[in-house]
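Each ligand, and each atom within it, is numbered from 1 in the order the structure gives. Since the model is a prediction, treat every value here as computed from it, not as a measurement. Quick note: numbers below take in every heavy atom, side chains included, and nothing from hydrogens, waters or symmetry partners.
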Amino acid sequence: MGFSTDAIHVGQEPDPTTGAIIVPIYQTSTYVQEELGKHKGYEYSRTSNPTRAALERNLAALEGGRFGFAFASGMAAINAVMTLFKAGDHIISAHNLYGGTFRLFERVLKDFGLTFSYSDTARLGQAEAAFQPNTRLLYVETPTNPLMEITDIAAAASLAHRHGALLAVDNTFMSPYFQRPLALGADIVLHSTTKYLNGHSDGVGGAVILDDARLGDRLKFIQNAAGAVLGPMDSWLVLRGVKTLAVRMSQHNENGMAVAEFLAKHPKVKNVHYPGLPAHPQHALARKQMSGFGAMISFETGSLENAKKVLKSVRLCSLAESLGGVETLISHPATMTHASVPPEERRRLGITDGLVRISVGIEDVEDLIADLDHALASV
Ligand SMILES: *Cc1c(COP(=O)(O)O)cnc(C)c1O
(Lines give C-alpha, C1' and ligand atoms only; values in the text may rest on other atoms or scores of the structure.)
Protein backbone atom coordinates (compact mmCIF):
# COMPACT_ATOMS: atom_id res chain seq x y z
CA MET A 1 0.00 0.00 0.00
CA GLY A 2 1.01 3.62 -0.42
CA PHE A 3 2.46 5.82 2.29
CA SER A 4 -0.76 7.66 3.21
CA THR A 5 -2.80 4.46 3.24
CA ASP A 6 -0.28 2.90 5.63
CA ALA A 7 -0.18 6.06 7.77
CA ILE A 8 -3.97 5.98 8.17
CA HIS A 9 -4.48 2.22 8.54
CA VAL A 10 -1.49 0.20 9.76
CA GLY A 11 -1.93 -0.88 13.39
CA GLN A 12 -5.35 0.75 13.50
CA GLU A 13 -7.96 -1.94 12.98
CA PRO A 14 -11.36 -0.99 14.46
CA ASP A 15 -11.53 -1.66 18.19
CA PRO A 16 -12.60 -5.32 18.68
CA THR A 17 -15.02 -4.62 21.55
CA THR A 18 -16.89 -1.54 20.25
CA GLY A 19 -15.96 -1.08 16.62
CA ALA A 20 -14.50 2.35 17.37
CA ILE A 21 -12.68 3.40 14.19
CA ILE A 22 -10.05 5.26 16.17
CA VAL A 23 -7.70 3.31 18.41
CA PRO A 24 -8.86 4.18 21.96
CA ILE A 25 -6.57 5.75 24.53
CA TYR A 26 -6.06 2.66 26.69
CA GLN A 27 -5.38 4.64 29.85
CA THR A 28 -4.69 1.63 32.02
CA SER A 29 -1.70 0.30 33.91
CA THR A 30 -2.71 -3.34 34.14
CA TYR A 31 -4.93 -5.98 32.50
CA VAL A 32 -7.14 -8.57 34.18
CA GLN A 33 -6.11 -12.14 33.43
CA GLU A 34 -8.61 -14.96 32.93
CA GLU A 35 -6.58 -17.47 34.87
CA LEU A 36 -2.94 -17.96 35.76
CA GLY A 37 -0.87 -17.50 32.62
CA LYS A 38 -3.92 -16.77 30.42
CA HIS A 39 -4.20 -13.17 29.17
CA LYS A 40 -4.99 -11.27 25.99
CA GLY A 41 -1.40 -10.30 25.18
CA TYR A 42 -1.18 -7.44 27.65
CA GLU A 43 -0.04 -7.74 31.27
CA TYR A 44 1.36 -4.37 32.33
CA SER A 45 1.56 -1.07 30.42
CA ARG A 46 5.29 -0.49 30.76
CA THR A 47 5.79 -3.76 28.88
CA SER A 48 3.01 -3.23 26.38
CA ASN A 49 -0.05 -1.02 25.91
CA PRO A 50 -2.52 -1.29 23.00
CA THR A 51 -2.41 2.43 22.08
CA ARG A 52 1.37 2.47 22.14
CA ALA A 53 1.50 -0.83 20.24
CA ALA A 54 -0.68 0.66 17.49
CA LEU A 55 1.70 3.61 17.14
CA GLU A 56 4.76 1.34 17.18
CA ARG A 57 3.36 -0.85 14.40
CA ASN A 58 2.41 2.21 12.41
CA LEU A 59 5.80 3.92 12.64
CA ALA A 60 7.61 0.66 11.83
CA ALA A 61 5.56 0.37 8.62
CA LEU A 62 6.24 3.98 7.60
CA GLU A 63 10.01 3.60 8.08
CA GLY A 64 10.04 0.16 6.43
CA GLY A 65 11.28 -1.75 9.49
CA ARG A 66 9.80 -4.72 11.33
CA PHE A 67 10.14 -3.28 14.83
CA GLY A 68 9.04 0.07 16.28
CA PHE A 69 9.43 1.36 19.82
CA ALA A 70 7.90 4.52 21.26
CA PHE A 71 9.63 6.40 24.06
CA ALA A 72 8.79 9.25 26.42
CA SER A 73 10.91 11.71 24.37
CA GLY A 74 13.39 11.82 21.54
CA MET A 75 16.17 11.87 24.13
CA ALA A 76 14.76 8.77 25.87
CA ALA A 77 14.77 7.00 22.47
CA ILE A 78 18.39 7.98 21.82
CA ASN A 79 19.41 6.96 25.33
CA ALA A 80 17.74 3.55 24.89
CA VAL A 81 19.64 3.00 21.63
CA MET A 82 22.93 3.90 23.29
CA THR A 83 22.34 1.24 25.96
CA LEU A 84 22.56 -1.38 23.19
CA PHE A 85 26.31 -0.74 23.61
CA LYS A 86 28.59 -1.29 26.58
CA ALA A 87 31.55 0.21 28.39
CA GLY A 88 34.62 0.17 26.16
CA ASP A 89 32.63 0.53 22.92
CA HIS A 90 33.51 3.42 20.63
CA ILE A 91 30.98 5.52 18.75
CA ILE A 92 31.69 7.88 15.87
CA SER A 93 29.18 10.67 15.76
CA ALA A 94 28.50 13.51 13.38
CA HIS A 95 30.13 16.66 14.79
CA ASN A 96 27.03 18.79 14.42
CA LEU A 97 24.30 17.17 16.47
CA TYR A 98 21.09 18.20 18.17
CA GLY A 99 22.43 19.88 21.34
CA GLY A 100 20.64 17.49 23.69
CA THR A 101 22.19 14.49 21.96
CA PHE A 102 25.69 15.95 22.29
CA ARG A 103 24.98 16.70 25.96
CA LEU A 104 23.78 13.10 26.56
CA PHE A 105 26.90 11.66 24.92
CA GLU A 106 29.41 13.97 26.60
CA ARG A 107 27.91 14.58 30.02
CA VAL A 108 26.09 11.34 30.79
CA LEU A 109 27.18 8.36 28.67
CA LYS A 110 30.92 9.07 28.79
CA ASP A 111 30.76 8.40 32.55
CA PHE A 112 29.55 4.88 31.75
CA GLY A 113 32.60 4.05 29.64
CA LEU A 114 31.28 4.69 26.13
CA THR A 115 33.82 6.64 24.07
CA PHE A 116 32.95 9.12 21.35
CA SER A 117 34.74 10.68 18.39
CA TYR A 118 33.15 13.47 16.38
CA SER A 119 33.66 13.99 12.70
CA ASP A 120 32.15 15.83 9.77
CA THR A 121 30.03 13.05 8.28
CA ALA A 122 29.06 15.27 5.33
CA ARG A 123 32.67 14.49 4.30
CA LEU A 124 32.82 10.77 5.04
CA GLY A 125 36.59 10.53 4.51
CA GLN A 126 36.96 12.24 7.90
CA ALA A 127 34.71 9.67 9.58
CA GLU A 128 36.63 6.82 7.95
CA ALA A 129 39.84 7.98 9.67
CA ALA A 130 38.11 7.88 13.08
CA PHE A 131 37.30 4.13 13.07
CA GLN A 132 38.96 2.02 15.77
CA PRO A 133 38.86 -1.74 16.34
CA ASN A 134 36.18 -1.18 19.04
CA THR A 135 33.97 1.15 16.96
CA ARG A 136 30.41 -0.20 17.12
CA LEU A 137 28.26 2.64 15.83
CA LEU A 138 28.27 5.52 13.36
CA TYR A 139 25.65 8.07 14.46
CA VAL A 140 24.37 10.78 12.11
CA GLU A 141 21.68 13.41 11.71
CA THR A 142 20.87 14.41 8.17
CA PRO A 143 20.16 17.16 7.30
CA THR A 144 21.93 18.81 10.23
CA ASN A 145 20.59 21.54 12.45
CA PRO A 146 20.78 24.45 11.59
CA LEU A 147 23.10 24.41 8.55
CA MET A 148 21.27 21.68 6.64
CA GLU A 149 24.38 19.70 5.75
CA ILE A 150 23.72 16.28 4.30
CA THR A 151 25.34 12.93 5.01
CA ASP A 152 25.22 10.31 2.27
CA ILE A 153 23.26 7.61 4.13
CA ALA A 154 24.03 4.75 1.71
CA ALA A 155 27.76 5.56 1.74
CA ALA A 156 27.74 5.95 5.55
CA ALA A 157 26.02 2.55 5.88
CA SER A 158 28.60 0.78 3.75
CA LEU A 159 31.44 2.55 5.59
CA ALA A 160 30.04 1.46 8.99
CA HIS A 161 29.37 -2.09 7.81
CA ARG A 162 32.89 -2.41 6.31
CA HIS A 163 34.19 -1.75 9.83
CA GLY A 164 31.74 -4.10 11.54
CA ALA A 165 29.72 -1.19 12.98
CA LEU A 166 26.05 -0.18 12.77
CA LEU A 167 24.64 3.03 11.30
CA ALA A 168 22.02 5.00 13.25
CA VAL A 169 20.23 7.93 11.59
CA ASP A 170 18.21 10.58 13.41
CA ASN A 171 15.47 11.15 10.82
CA THR A 172 13.57 13.82 12.76
CA PHE A 173 14.03 16.61 10.18
CA MET A 174 12.78 14.69 7.14
CA SER A 175 10.28 12.18 8.57
CA PRO A 176 9.77 8.90 6.71
CA TYR A 177 7.70 10.77 4.15
CA PHE A 178 10.83 12.31 2.61
CA GLN A 179 13.65 10.01 3.74
CA ARG A 180 13.77 6.31 4.64
CA PRO A 181 17.20 5.49 6.06
CA LEU A 182 16.58 1.73 6.49
CA ALA A 183 16.03 1.37 2.74
CA LEU A 184 19.37 3.13 2.20
CA GLY A 185 21.21 0.65 4.43
CA ALA A 186 20.94 2.19 7.92
CA ASP A 187 20.38 -0.20 10.84
CA ILE A 188 18.59 2.08 13.30
CA VAL A 189 16.27 5.05 12.73
CA LEU A 190 15.50 7.53 15.49
CA HIS A 191 12.86 10.21 15.83
CA SER A 192 11.84 12.95 18.11
CA THR A 193 8.11 12.46 17.44
CA THR A 194 7.72 15.84 19.14
CA LYS A 195 8.48 17.38 15.73
CA TYR A 196 6.95 16.38 12.36
CA LEU A 197 5.45 12.99 13.31
CA ASN A 198 3.20 14.55 15.93
CA GLY A 199 3.26 17.79 13.97
CA HIS A 200 0.97 19.88 16.19
CA SER A 201 3.35 21.02 18.95
CA ASP A 202 1.25 19.38 21.64
CA GLY A 203 3.33 16.46 22.86
CA VAL A 204 6.86 15.26 23.52
CA GLY A 205 7.87 11.78 22.39
CA GLY A 206 10.45 9.64 20.63
CA ALA A 207 10.70 6.52 18.52
CA VAL A 208 13.19 3.94 17.28
CA ILE A 209 12.59 1.77 14.23
CA LEU A 210 14.79 -1.10 13.08
CA ASP A 211 14.57 -4.27 11.06
CA ASP A 212 17.11 -6.66 12.62
CA ALA A 213 15.42 -9.25 14.88
CA ARG A 214 18.35 -9.56 17.28
CA LEU A 215 18.53 -5.77 17.77
CA GLY A 216 14.73 -5.63 17.95
CA ASP A 217 14.63 -8.21 20.75
CA ARG A 218 17.32 -6.41 22.69
CA LEU A 219 15.65 -3.00 22.32
CA LYS A 220 12.29 -4.46 23.37
CA PHE A 221 14.04 -5.81 26.46
CA ILE A 222 15.69 -2.42 27.15
CA GLN A 223 12.41 -0.52 26.63
CA ASN A 224 10.71 -2.64 29.27
CA ALA A 225 13.71 -2.89 31.60
CA ALA A 226 14.56 0.82 31.62
CA GLY A 227 10.93 1.88 31.19
CA ALA A 228 11.05 5.29 29.44
CA VAL A 229 7.88 4.47 27.50
CA LEU A 230 5.45 6.83 25.78
CA GLY A 231 2.14 7.08 27.62
CA PRO A 232 -1.19 6.12 26.02
CA MET A 233 -2.45 9.70 25.60
CA ASP A 234 0.77 10.85 23.94
CA SER A 235 0.88 7.73 21.76
CA TRP A 236 -2.64 8.56 20.60
CA LEU A 237 -1.66 12.15 19.75
CA VAL A 238 1.22 10.94 17.58
CA LEU A 239 -1.03 8.37 15.87
CA ARG A 240 -3.47 11.17 15.15
CA GLY A 241 -0.70 13.40 13.82
CA VAL A 242 0.77 10.73 11.58
CA LYS A 243 -2.51 10.30 9.69
CA THR A 244 -1.89 13.67 8.02
CA LEU A 245 1.90 13.37 7.76
CA ALA A 246 1.89 13.11 3.96
CA VAL A 247 -0.32 16.15 3.36
CA ARG A 248 1.47 18.19 6.03
CA MET A 249 4.94 17.31 4.72
CA SER A 250 4.09 18.14 1.15
CA GLN A 251 2.72 21.53 2.23
CA HIS A 252 5.74 22.11 4.51
CA ASN A 253 7.93 21.33 1.52
CA GLU A 254 6.06 23.69 -0.80
CA ASN A 255 6.13 26.51 1.75
CA GLY A 256 9.78 25.78 2.62
CA MET A 257 10.80 26.06 -1.00
CA ALA A 258 8.90 29.33 -1.50
CA VAL A 259 10.33 30.91 1.67
CA ALA A 260 13.87 29.75 0.78
CA GLU A 261 13.56 31.25 -2.71
CA PHE A 262 12.24 34.51 -1.27
CA LEU A 263 15.12 34.70 1.22
CA ALA A 264 17.74 33.79 -1.41
CA LYS A 265 16.64 36.78 -3.53
CA HIS A 266 16.37 39.24 -0.62
CA PRO A 267 19.11 41.91 -0.62
CA LYS A 268 19.42 41.91 3.22
CA VAL A 269 20.01 38.15 3.39
CA LYS A 270 23.58 36.98 2.89
CA ASN A 271 23.31 33.21 2.70
CA VAL A 272 20.43 30.72 2.78
CA HIS A 273 20.88 27.10 3.89
CA TYR A 274 18.18 24.92 2.35
CA PRO A 275 18.85 21.66 0.51
CA GLY A 276 16.13 22.39 -2.05
CA LEU A 277 18.02 25.36 -3.49
CA PRO A 278 20.27 24.42 -6.43
CA ALA A 279 22.95 26.60 -4.78
CA HIS A 280 23.09 24.24 -1.76
CA PRO A 281 26.49 22.51 -2.02
CA GLN A 282 24.87 19.07 -1.62
CA HIS A 283 21.71 19.68 -3.64
CA ALA A 284 22.43 16.68 -5.90
CA LEU A 285 22.86 14.32 -2.93
CA ALA A 286 19.69 15.72 -1.34
CA ARG A 287 17.77 14.98 -4.55
CA LYS A 288 19.18 11.47 -4.58
CA GLN A 289 18.35 10.34 -1.05
CA MET A 290 15.36 12.50 -0.13
CA SER A 291 12.04 12.79 -1.96
CA GLY A 292 11.49 16.33 -0.68
CA PHE A 293 13.51 18.99 1.10
CA GLY A 294 11.35 19.73 4.13
CA ALA A 295 10.83 23.09 5.76
CA MET A 296 13.91 23.78 7.88
CA ILE A 297 15.83 26.80 6.66
CA SER A 298 18.57 28.92 8.16
CA PHE A 299 19.82 32.24 6.81
CA GLU A 300 22.54 34.75 7.53
CA THR A 301 21.58 38.28 8.54
CA GLY A 302 25.20 39.42 9.01
CA SER A 303 25.29 40.23 12.74
CA LEU A 304 23.72 39.62 16.12
CA GLU A 305 22.07 43.07 15.94
CA ASN A 306 20.45 42.23 12.61
CA ALA A 307 19.28 38.85 13.84
CA LYS A 308 17.75 40.50 16.92
CA LYS A 309 15.91 43.03 14.75
CA VAL A 310 14.43 40.31 12.56
CA LEU A 311 13.34 38.21 15.55
CA LYS A 312 11.80 41.24 17.25
CA SER A 313 9.92 42.40 14.14
CA VAL A 314 8.18 39.21 13.07
CA ARG A 315 4.47 39.09 13.94
CA LEU A 316 3.23 35.82 12.50
CA CYS A 317 6.35 33.68 13.01
CA SER A 318 6.72 32.78 16.69
CA LEU A 319 10.07 33.10 18.45
CA ALA A 320 10.51 29.64 19.98
CA GLU A 321 12.67 26.54 20.10
CA SER A 322 11.44 23.29 18.54
CA LEU A 323 10.26 22.66 15.00
CA GLY A 324 8.03 20.54 12.83
CA GLY A 325 4.65 21.92 13.90
CA VAL A 326 1.96 23.35 11.66
CA GLU A 327 2.84 26.86 12.87
CA THR A 328 6.01 28.69 11.80
CA LEU A 329 8.70 29.00 14.46
CA ILE A 330 11.74 31.23 14.20
CA SER A 331 14.82 31.00 16.40
CA HIS A 332 18.41 32.09 16.95
CA PRO A 333 20.69 29.02 17.08
CA ALA A 334 23.71 30.76 18.66
CA THR A 335 21.80 31.83 21.78
CA MET A 336 18.99 29.26 21.82
CA THR A 337 19.43 25.69 20.50
CA HIS A 338 23.24 25.89 20.34
CA ALA A 339 23.91 28.08 23.39
CA SER A 340 25.67 25.19 25.17
CA VAL A 341 28.14 24.81 22.29
CA PRO A 342 31.31 26.84 23.10
CA PRO A 343 31.66 30.00 20.92
CA GLU A 344 34.84 28.82 19.15
CA GLU A 345 33.19 25.47 18.34
CA ARG A 346 30.11 27.34 17.03
CA ARG A 347 32.35 29.40 14.76
CA ARG A 348 34.09 26.26 13.52
CA LEU A 349 30.71 24.72 12.68
CA GLY A 350 29.56 27.91 10.93
CA ILE A 351 26.85 28.80 13.44
CA THR A 352 27.36 32.56 13.40
CA ASP A 353 25.71 35.17 15.64
CA GLY A 354 23.76 36.46 12.63
CA LEU A 355 22.24 33.09 11.74
CA VAL A 356 18.45 32.77 12.03
CA ARG A 357 16.59 29.48 11.74
CA ILE A 358 12.99 28.97 10.59
CA SER A 359 10.77 25.93 10.84
CA VAL A 360 8.32 26.86 8.10
CA GLY A 361 4.77 25.91 8.99
CA ILE A 362 1.77 25.31 6.76
CA GLU A 363 0.11 28.72 7.04
CA ASP A 364 -0.61 30.56 3.77
CA VAL A 365 2.85 31.12 2.40
CA GLU A 366 2.10 34.68 1.19
CA ASP A 367 1.44 35.63 4.82
CA LEU A 368 4.75 34.11 5.93
CA ILE A 369 6.68 35.86 3.18
CA ALA A 370 4.98 39.20 3.97
CA ASP A 371 5.91 38.75 7.65
CA LEU A 372 9.57 38.00 6.84
CA ASP A 373 9.70 40.83 4.32
CA HIS A 374 8.41 43.24 6.95
CA ALA A 375 10.90 41.89 9.55
CA LEU A 376 13.85 42.15 7.14
CA ALA A 377 12.95 45.77 6.39
CA SER A 378 14.02 46.57 9.98
CA VAL A 379 17.61 45.46 9.22
C1 LIG B 1 14.17 17.65 19.24
C2 LIG B 1 15.20 16.72 18.72
C3 LIG B 1 15.69 15.66 19.50
C4 LIG B 1 15.27 15.45 20.95
O5 LIG B 1 13.93 15.10 21.04
P6 LIG B 1 12.98 15.46 22.32
O7 LIG B 1 11.68 14.94 21.89
O8 LIG B 1 13.05 16.94 22.51
O9 LIG B 1 13.57 14.74 23.48
C10 LIG B 1 16.61 14.81 18.93
N11 LIG B 1 17.04 14.99 17.65
C12 LIG B 1 16.60 16.00 16.89
C13 LIG B 1 17.11 16.15 15.50
C14 LIG B 1 15.67 16.90 17.39
O15 LIG B 1 15.25 17.92 16.62
Tabulated below should be the N or O atoms of ligand 1 paired with protein N or O atoms at under 3.5 Å; can you produce that?
from     : atom 1 : to     : atom 2 : distance (Å)
ligand 1 : 5 (O)  : Ser192 : OG     : 3.0
ligand 1 : 7 (O)  : Gly74  : N      : 2.9
ligand 1 : 7 (O)  : Ser192 : OG     : 2.8
ligand 1 : 7 (O)  : Thr194 : OG1    : 2.7
ligand 1 : 9 (O)  : Gly74  : N      : 3.0
ligand 1 : 9 (O)  : Met75  : N      : 2.9
ligand 1 : 11 (N) : Asp170 : OD2    : 2.7
ligand 1 : 15 (O) : Lys195 : NZ     : 2.7

[X]: which residues meet the side chain to side chain contact (heavy atoms under 4.5 Å, CB included) condition with it, sequence neighbours left out?
X: Pro16; result: none
X: Phe112; result: Val108
X: Ala213; result: Arg66, Phe67

Checklist entry - Do Tyr98 and Val140 belong together in a cluster built from hydrophobic side chains that touch within less than 4.5 Å? => result no
Item to check | Sub-6.0 Å ring centroid separation between Tyr44 and Tyr31 | outcome: no
Checklist entry - Salt bridge between Asp217 and Lys220, side-chain N to carboxylate O under 4.0 Å? => result no
